[in-house]
Amino acid sequence: MTTKKLLLIDGNSIAFKAFYALINSLEKFKNNSGLHTSAIYGFNRMLDKVLEDEKPTDVLVAFDAGKTTFRTKLFPEYKGNRAKTPTELSEQFPFIRELVKDRGIKSYELPNYEADDIIGTLAKKAEAHGDYQVVILTGDRDLTQLTSDKTTVQVSKTGTTALEKYTPQYVEEKLGVKPSQIVDIKGLMGDNSDHYPGVEKVGKITAKKLIQQFGSIEDVYQNIDNISGKKLKEHLLNDRDKAERAKVLATIKRDAPVEVALDDLAYQGDDLDQLTNFYEQMGFKSFLSKLGVNKTATAELTSVKYQKLTTANLTELAQFKDEISFYLEMDDDNYHTANLVGFAIGHGDQWFVTNEMALLTSKPVVDILSSSKIQKNVFDAKRTYVGLHRVGIELVNVDFDMLLVSYLLNTTNNSNDVGTVAKLHGFDNIKTDEEVYGKGAKKSIKPETPEFLSHIVHKAKAIDQLHNEMFEELDKHNQTKLYRDIEIKIAFVLAKMEITGIKVNPQTLEQMGSKFKERLAEIEQTIFQEAGETFNIGSPKQLGHILFEKMHLPILKKTKTGYSTSVDVLEKLAPDAPIVQNVLNYRQISKLQSTYIDGLLKVIHPDDSKVHTRYLQTLTQTGRLSSVDPNLQNIPIRSEEGRLIRQAFVPSHNGWQIWSSDYSQIELRVLASITGDANMQEAFREGEDIHATTARRIFGLASNDEVTPELRRQAKAVNFGIVYGISDYGLANNTGISRKQAHQFIKRYFEEYPGVKKYTEDIVDFAKDHGYVETIAHRRRYLPDIHSRNFNLRSFAERTAMNTPIQGSAADIIKIAMINMMTALKPLKTRMLLQVHDELIFEVPEDELETVKKLIPQVMDSAVKLAIPLKVESHWGKTWYDAK
DNA sequence: AGAATCACG
DNA sequence: ACGTACGTGATTCTA
C-alpha cells in the first residue's frame with residue numbers, strides 16, 4: 001500500500017511547451033518592467049492543474065543544468081541542430097525558478113545531466129522505496145520509457161492544459177511495445193529532433209516490427225540471420241554502432257549522482273507572501289485572485305456616479321473635509337499655455353465634474369484646493385500646480401501624485417496618461433486620452449459632451465481608488481522616503497522655477513541671427529563652388545552623393561540608409577578636401593540658427609520676455625530631469641560661437657546678476673563613495689585633480705612626474721568610460737586609441753582602483769538577482785535584459801547596471817539640494833531659475849551677492865553626506881555667458 | 001514616423 | 001564570436 005505520491009516535473013520541457021502554446025499572444029504577456037511572462041504564466045497554469053488533479057505529497061521540478069552533458073561527450077552533435085532558445089523565453093527561466101520556490105516546491109539541476117536523468121533516477125529510488133506512487137509531468141514523449149506499475153507519465157499536449165497519461169497498458173496499446181522497449185525502437189530509428197542517427201532506412205514501422213519480433217536491439221543482432229530482406233539486413237549490419245549508440249543516448253539514466261533525497265521533496269504548499277509579491281510583479285491578476293488576495297477586485301473601477309457641478313450644487317463640496325481627488329484637464333501638454341477645459345473633484349462615491357471654468361475659482365473649490373487640512377490626490381502635481389497658479393489658486397497639501405508614484409515604482413513603462421497608468425496598476429476599464437480625444441492632427445477635445453465629463457471624472461476616480469494600493473507598493477519598494485522627502489517636494493520647487501522663468505533678450509538673438517544668416521550665405525556659396533553644383537547641404541543624402549560619389553572621398557562609416565556624414569567622419573576627411581571643413585562650419589552655424597536663435601525666439605513670451613521651460617520629472621530612466629519647450633539643458637557652451645547664445649539669457653531686473661553653481665566631478669565622487677574604493681576616495685579627500693591622479697596611476701608615473709595634457713585627456717576618457725560601464729571597444733572607439741591599448745588602460749585602472757572593479761562585478765550580480773538596480777535614495781531601474789541571451793541587449797543592461805546608480809545618485813543629490821535651496825532662499829530676493837543636471841542657475845540682486853556666495857555652495861555641498869566631500873564651484877556675471 | 005545629426009550633462 | 005560607451009531634446013530630411 002503506497003502512502004506517498006511523488007510528482008516529478010520536467011521544468012525545461014514544460015516551460016518550452018507553455019511558451020510555444022502562447023507564442024501568438026507573446027506580446028500580451030508582459031509585465032510592468034517589460035519582461036515577457038507567457039511561459040511563467042503557462043507553467044503556473046500547468047502546476048495548478050497537476051497539483052489539483054494529483055494532490056501529490058512530494059514534488060520536485062528538475063531543470064537542465066546546461067548544454068554539455070554526458071550525452072554530448074558521447075556524441076558531440078547531440079541536440080546539435082537545436083535552434084537557440086529565444087530571448088523571450090530564456091529571460092523567463094529565472095522567474096520560473098522563483099515561481100517554483102514560492103509555490104513551496106523544490107527544484108534541482110545537476111551538471112552533466114538532463115532533467116530526464118534526474119527524474120529517472122528519483123523515480124527509480126521512489127519505486128525501490130515501496131511507499132511511493134510516482135507521477136511524471138513532461139512535454140517530452142521520451143520520458144514514457146519510465147512508465148511502470150508504480151509510475152505514470154503525463155505528457156502535456158501542445159496548446160492546451162490537457163494531458164496524455166501513459167500507463168504500461170497505454171504504452172502497449174499506443175506503441176505496441178513495452179515501456180522498456182521504447183529505447184530499442186529509438187535506437188534503431190534514431191532521433192531527428194535530438195540530432196542522432198539510427199539505422200539507415202529504418203523508421204518507426206520497421207523498428208517497431210523488429211522489436212516486437214525479437215525483443216531488443218541486442219536480440220535483433222543475435223538473430224540477424226533470421227531477418228528477411230537483404231537490404232534491411234545490410235543496413236542493420238552497417239549501422240550497428242549507430243544503433244547501439246542511439247540506444248544509449250535515448251536511455252534515461254537511472255543512477256545519476258543526484259544529491260537530493262526523497263525525504264527532501266515534501267510539498268510545502270504556497271508561500272503566500274512571496275507568491276503574492278511574485279504575482280504582483282508579474283501582473284498575474286487571475287492567479288492573485290485565486291490566492292484570495294483579491295487586491296485588484298477592490299481596485300476595479302465600476303460605473304462612476306457623478307453630478308455635473310453647477311452654481312446650484314457648489315455648496316455640496318463642503319462635505320469634503322479630509323481628502324479629495326482632483327483632476328484638471330487641459331487641451332495641450334504645455335500647461336503654461338494650454339487652455340483649462342474642465343475639472344473633476346470628489347472622493348469615494350461622491351463626484352462632481354464640469355467644463356465651466358468659472359467654477360474653478362469659486363470659493364468652495366478654492367477653499368478645498370488651497371486648504372492645508374484637506375489632502376489632495378492628483379495626477380501630475382507640478383502640472384496641476386502650474387495650471388491652478390495661472391488662475392490665482394495655490395494648490396496646497398498634495399499627498400498622492402499618481403504619476404510620480406507610478407514613475408518611482410517603475411520607470412520603464414511610465415506614461416503621462418491617467419488611463420495608461422491606471423491600466424498598469426490593474427484598472428482595465430478606463431480609457432486613455434488618445435481613445436477619447438484622438439491623436440495628432442485629429443485630436444479634439446469637446447468639453448461640452450457627456451463623454452468628456454465622464455472621462456475626466458473617471459480619471460479622478462482612478463486616482464482616488466489607486467491611491468492606497470500604490471502607496472503600499474511604494475512602501476514595499478522602500479521608496480516612501482524617496483517620494484515624500486524628494487519627489488513630491490521637488491515637483492513644487494520645479495513648478496515655481498518654471499513659473500519664474502528666465503529672461504531672454506530677443507534683440508541679442510536677432511542680432512546674432514542676422515550675422516549667422518550672412519555667414520551661412522557666404523559658406524553656402526563657397527560649398528557650391530567647391531562642389532561644382534548647388535544642392536541641399538542639410539540633406540545627408542545629397543551631401544553624401546557629393547562627397548563620396550562625385551568627389552570620391554573615402555567612405556569611413558555607413559548608416560542604415562547610406563553614407564554617414566557625421567562630425568567624427570567629416571573631421572577625419574577635412575584634410576582631404578576644403579569643402580569638408582566648410583560643411584562642418586555650415587552645419588554648426590545652421591544648428592545654432594535653427595535650434596537656438598529661431599527656436600528660442602519662438603518660445604519667448606512677449607509679455608514678460610521670458611522663457612518658461614517644462615521639466616519632465618517622470619521621463620528619464622535614471623532620475624534625472626529633462627527639459628522641453630524649450631530645452632534649457634542643452635544651451636551651447638563647448639564652442640565659443642555657440643556659447644555666445646548665453647549672452648541673451650539675462651536677469652529679469654536691472655543690475656541683477658546671473659549666478660551659476662555646479663558640482664565638480666559629482667559622478668566620480670559618487671562613484672568613489674559607493675564603490676568604497678580607498679584610492680579614489682583618497683584622491684578626492686586630498687583635493688587632487690582626479691584625472692591627473694588617474695593618469696599617474698594607470699600610466700605608472702612617479703609622483704613628481706609631470707602629467708602631460710595628452711595623458712590627462714586619456715585618463716579623463718577612461719574615468720568617463722568607467723562611469724558609463726566601460727568596454728575596451730567602446731573606449732577605443734571614443735578616444736581613437738587601439739582596442740588593445742584600451743584594454744590595457746582598463747586593466748590598469750581596475751588594478752589601481754580595485755574597489756571600482758569589485759563594484760562593477762557586484763552591481764551586475766545584484767541586477768541579475770533582483771532584476772533592478774538602485775540609487776542612494778532607492779530610486780529603482782528595472783533591467784529585464786540582464787538575462788538576455790542576446791549579447792547586445794545583455795551587455796547594454798550590464799553597462800546600465802553600472803551607470804544608473806552613479807548617474808541616478810547624482811540626480812538624487814542635486815534634487816535634495818534644490819529642495820533645501822528653495823527653503824534657504826525664502827528670506828531673499830534671489831531666485832533659482834534653472835537646473836542643468838549638476839548645475840544650478842540663479843538670478844541675484846547686487847545686494848545679496850555676498851550672502852549667496854556662501855549660502856548657495858553651502859546648501860549644495862551639504863545636501864547629502866557621502867564618504868568624501870562634495871565640491872561646488874560658482875561663477876556669476878551680467879549674463880549667463882558671463883557667469884563663467 | 002523614423003533616421004540622422006548635433007546641442008548639453 | 002558576438003559588436004557598444006551613459007542620460008537627454010530639437011531640427012531637418014526622407015520615406
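Per chain, numbering begins at 1; letters A, B, ... match sequence-line order.
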Flag for [Y]-[X]: side-chain donor and acceptor within less than 3.5 Å:
{"X": "A/T804", "Y": "A/R781", "result": "yes"}
{"X": "A/K382", "Y": "A/Y335", "result": "yes"}
{"X": "A/E487", "Y": "A/Q479", "result": "no"}
{"X": "A/D677", "Y": "A/T675", "result": "no"}

Between [options], spot the one nearest the side chain of [X], thanks.
{"X": "A/V628", "options": "B/dG9, C/dG7, C/dA10", "answer": "C/dA10"}
{"X": "A/P636", "options": "B/dA3, C/dG7, B/dA7", "answer": "B/dA7"}
{"X": "A/Q542", "options": "B/dC8, B/dT5, C/dT14", "answer": "C/dT14"}
{"X": "A/N792", "options": "B/dA4, C/dG7, C/dG3", "answer": "C/dG3"}
{"X": "A/K560", "options": "B/dA7, B/dA3, C/dA5", "answer": "B/dA3"}
{"X": "A/P540", "options": "B/dC8, C/dC13, B/dA3", "answer": "C/dC13"}

OP1, OP2 of [N] versus side-chain N and O of [X]: anything below 4.0 Å?
{"X": "A/S566", "N": "B/dA4", "result": "no"}
{"X": "A/K591", "N": "B/dC6", "result": "no"}
{"X": "A/T595", "N": "C/dG9", "result": "no"}
{"X": "A/T565", "N": "B/dT5", "result": "yes"}
{"X": "A/R781", "N": "C/dG7", "result": "yes"}
{"X": "A/S590", "N": "C/dT11", "result": "no"}
{"X": "A/R638", "N": "B/dC6", "result": "no"}
{"X": "A/N734", "N": "C/dT4", "result": "no"}

Over all strands shown, is [X] touching base, sugar-phosphate only, or nothing at heavy-atom distances under 4.0 angstrom?
{"X": "A/S564", "value": "sugar-phosphate"}
{"X": "A/E839", "value": "nothing"}
{"X": "A/N733", "value": "nothing"}
{"X": "A/I806", "value": "nothing"}
{"X": "A/N536", "value": "sugar-phosphate"}
{"X": "A/A801", "value": "nothing"}
{"X": "A/G725", "value": "nothing"}

Atom [atom1], compared across [N] and [M]: separation rounded to whole Å:
{"N": "C/dA5", "M": "B/dG2", "atom1": "C1'", "result": "23 Å"}
{"N": "B/dA7", "M": "C/dC2", "atom1": "C1'", "result": "33 Å"}
{"N": "B/dC8", "M": "C/dG3", "atom1": "C1'", "result": "27 Å"}
{"N": "C/dA1", "M": "B/dC6", "atom1": "P", "result": "35 Å"}

Is any side-chain N of the basic residue among [X] and [Y] closer than 4.0 Å to the acidic one's carboxylate O?
{"X": "A/E667", "Y": "A/R624", "answer": "yes"}
{"X": "A/K871", "Y": "A/E873", "answer": "yes"}
{"X": "A/E761", "Y": "A/K758", "answer": "no"}

TODO: Flag the pair A/I806 / A/Y724 as yes when at least one side-chain heavy-atom distance between them is below 4.5 Å, and no otherwise.
DONE: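 In short, these two side chains do not touch, never coming nearer than 4.5 Å.
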- [ ] Decide yes or no for A/L403 and A/N414: does some side-chain heavy atom of the first lie under 4.5 Å from some side-chain heavy atom of the second?
- [x]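 They are in contact (side-chain heavy atoms under 4.5 Å apart), so the answer is yes.
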Open item on the list: For A/Y729, does the six-membered ring have the charged nitrogen or CZ of A/R739 within the cation-pi criterion, i.e. under 6.0 angstrom from the centroid and within 45° of the normal?
Closed with: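 No, cation not above the ring by the 6.0 Å, 45° rule.
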Value in whole Å for how far the [atom2] atom of [N] lies from [atom1] of [X]:
{"X": "A/N631", "N": "B/dC6", "atom1": "CG", "atom2": "P", "result": "17 Å"}
{"X": "A/Y563", "N": "C/dC13", "atom1": "OH", "atom2": "C1'", "result": "18 Å"}
{"X": "A/K541", "N": "B/dT5", "atom1": "NZ", "atom2": "C1'", "result": "17 Å"}
{"X": "A/N719", "N": "C/dA5", "atom1": "CG", "atom2": "P", "result": "20 Å"}
{"X": "A/N803", "N": "C/dT4", "atom1": "CG", "atom2": "P", "result": "18 Å"}
{"X": "A/Q593", "N": "C/dT12", "atom1": "CD", "atom2": "P", "result": "10 Å"}
{"X": "A/Y724", "N": "B/dG9", "atom1": "OH", "atom2": "P", "result": "10 Å"}
{"X": "A/K716", "N": "C/dA5", "atom1": "NZ", "atom2": "P", "result": "20 Å"}

- [ ] Within residues 613-627 of chain A, find the residues that approach DNA chain C with a heavy atom at under 4.0 Å, and present them sorted by residue number.
- [x]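 Within this stretch, A/L616, A/L619, A/T620, A/Q621, A/T622, A/R624, A/S626, A/S627 sit under 4.0 Å of the strand.
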Open item on the list: In this structure, which stretches of DNA chain C are paired as stems of three or more consecutive Watson-Crick or G-U pairs, both distances less than 3.5 Å?
Closed with: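 So far as stems of 3 or more pairs are concerned, DNA chain C shows B:1-9 with C:6-14.
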Task: Atom pair CD/CD1 of A/Q511 and A/I597 - distance to nearest 0.5 Å - done: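 If I round to the nearest 0.5 Å, the distance is 10.5 Å.
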Open item on the list: Which label fits A/W659 and A/W876: parallel for a plane angle under 30°, tilted from 30 to 60°, or perpendicular past 60°?
Closed with: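 Judged by the thresholds at 30° and 60°, the geometry between A/W659 and A/W876 is parallel.
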TODO: Identify the two heavy atoms, one from A/S566 and one from A/K557, that lie closest to each other, and give their separation to 0.1 Å.
DONE: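 Shortest heavy-atom separation between A/S566 and A/K557 comes out as OG-NZ, 3.9 Å.
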Task: Base C/dT4 to side chain A/R799, donor-acceptor N/O within 3.5 Å cut-off - done: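 Such a pair exists between side chain and base.
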Task: Donor/acceptor link under 3.5 angstrom from A/Q633 side chain onto base of B/dC8 - done: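 No, no donor-acceptor pair under 3.5 Å.
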- [ ] Return the stacking result for C/dT4 and A/Y729: yes when the ring centres lie under 5.5 Å apart and the planes under 30°, no otherwise.
- [x]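 Stacking between A/Y729 and C/dT4: present.
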